[in-house]
Amino acid sequence: MSRPAIFITGAAAGIGRATAELYAAKGWFVGLYDLAGDAVAALRTQLGADHAIAEALDVTDAAAVAAALERFFARSGRLDVMFNCAGILSTGDFADIPIARHHLIVDVNLKGVINGAHAALPYLRQTPGACLINMASASAIHGAPGFASYGATKFAVKGLTEALSIEWAQYGIRVMDLLPLFVATPMVNDVATPPKSISRMGVNLKAEDIAAKVWQVSQSRSLAHTHWYPGLQTQALALANKLLPAFLNRYTTKLVSGY
């Protein structure tokens with residue numbers, strides 16, 4: 001297959017779905033993977049069976065991720081973009097969130113990214129100009145109360161991205177992440193008790209905005225540009241965190257979070 005190809009986890013809704021729709025519209029072959037197998041199957045029908053493949057996938061299952069990528073590559077013949085988008089969110093005081101949920105957040109948001117990156121590498125190496133894009137978050141800019149475990153996984157994804165961007169440069173593979181503030185997706189909209197930071201900062205990004213940024217990132221040829229901050233608000237937050245003294249960053253985060 002001569003068409004470029006992208007493998008997307010968390011493709012059933014939100015950013016993953018918007019990204020799938022954008023890439024399919026641009027003529028790419030799209031791999032749709034999500035725990036919600038019926039939803040990605042329906043999306044495949046929408047996009048057209050010639051333009052996509054869809055499977056139910058649990059990103060916490062390393063063997064399943066490896067098998068899915070093997071089948072995808074057998075069908076597409078290439079892997080131009082591996083987009084680790086799957087993620088889950090729970091907000092609230094750390095002690096009020098059940099420990100099993102904390103563990104699941106780590107398993108999906110961090111281990112799922114590790115599983116995807118590890119399994120994708122052989123196929124990325126076989127595709128000239130390929131890239132790995134990880135979904136991080138502005139929660140990785142400064143630890144925010146109410147998002148403790150979620151933010152911790154995104155800090156880890158940011159660190160993993162930095163390491164692999166250096167390590168995989170020898171293969172010509174670009175490794176990057178996106179760190180947006182709140183995005184209007186089911187994951188954010190369905191939060192039972194939204195933290196004050198959501199109402200105070202606002203939800204100013206749409207899934208389509210992030211999909212467009214994924215496209216921009218995937219077309220970048222720089223091996224050095226690792227972190228991407230979608231939206232002016234996110235860029236301002238990242239710049240402030242870099243320039244302000246630590247005590248001011250802590251105070252600002254505390255103020256916005258309402259703690």
### Message
The test is side chain to side chain contact (heavy atoms under 4.5 Å, CB included); show your working for Met82 and Leu69 and say whether it passes.
### Response
CA-CA 10 Å; Met82 174 68 189; Leu69 272 156; 4.1 Å; yes

### Task
Please check if atom CD in Gln126 has more than 12 non-hydrogen atoms from other residues, nucleotides or ligands closer than 6.0 Å.
yes

### Task
State yes or no: do Ile166 and Ile173 share one hydrophobic cluster built from I, L, V, M, F, W and Y residues joined by side-chain heavy-atom distances below 4.5 Å, directly or via other members?
no

### Query
Without hydrogens or angle criteria, can the side chains of Gln170 and Arg125 be said to hold a donor-acceptor pair below 3.5 Å?
no

### Qualifying residue, where the test is ring pair (Phe, Tyr, Trp, His ring centres under 6.0 Å) with Phe7 and the options are Phe72, Tyr23, Trp28
Phe72

### Message
With heavy-atom distances below 4.5 Å as the criterion, would you say the side chains of Lys158 and His227 are in contact?
### Response
yes

### Query
Around Asp93, counting heavy atoms of other residues, nucleotides and ligands shown, do more than 12 lie under 6.0 Å from its CG?
yes

### Message
Are Thr161 and Val157 packed together at the side-chain level, in the sense that at least one heavy-atom pair is separated by less than 4.5 angstrom?
### Response
yes

### Message
Test of understanding: clusters of I, L, V, M, F, W, Y form through side-chain heavy atoms closer than 4.5 Å, transitively. Do Ile114 and Leu132 belong to the same one?
### Response
yes

### Task
Please determine if Arg3 forms a cation-pi arrangement with Phe29, meaning its NZ or CZ atom is less than 6.0 Å from the six-membered ring centre and no more than 45° off the ring axis.
no

### Query
So, is the end of the Lys213 side chain (NZ or CZ) under 6.0 Å from the ring centre of Trp228 and within 45° of the ring's axis?
no

### Side chains of Thr19 and Ile6 in contact at under 4.5 Å (non-hydrogen atoms)
yes

### Task
Test side chain to side chain contact (heavy atoms under 4.5 Å, CB included) on Leu47 and Glu21 and set out the steps.
CA-CA 7 Å; Leu47 300 179; Glu21 291 173 338; 4.2 Å; yes

### Query
So do the side chains of Trp215 and Ile210 get within less than 4.5 Å of each other, counting heavy atoms only?
no

### Task
Evaluate the side-chain proximity of Leu57 to Leu35: yes if any heavy-atom separation is below 4.5 Å, no if none is.
no

### Query
Any side-chain heavy atom of Ser218 sitting closer than 4.5 Å to one from Val81?
yes

### Message
Within the structure provided, determine whether Pro180 and Met135 are in side-chain contact (heavy-atom separation under 4.5 Å).
### Response
yes

### Query
Same cluster or not: are Phe155 and Leu89 linked, directly or through other Ile, Leu, Val, Met, Phe, Trp or Tyr residues, by side-chain heavy atoms under 4.5 angstrom apart?
no

### Message
Among residues at least two apart in sequence or on other chains, which ones pass ring pair (Phe, Tyr, Trp, His ring centres under 6.0 Å) with Phe83?
### Response
none

### Query
Should we say atom NE2 of His225 is surrounded by more than 12 heavy atoms from elsewhere, each under 6.0 Å from it?
yes

### Heavy-atom neighbours of Ile99 CD1 exceed 12 at 6.0 Å
yes

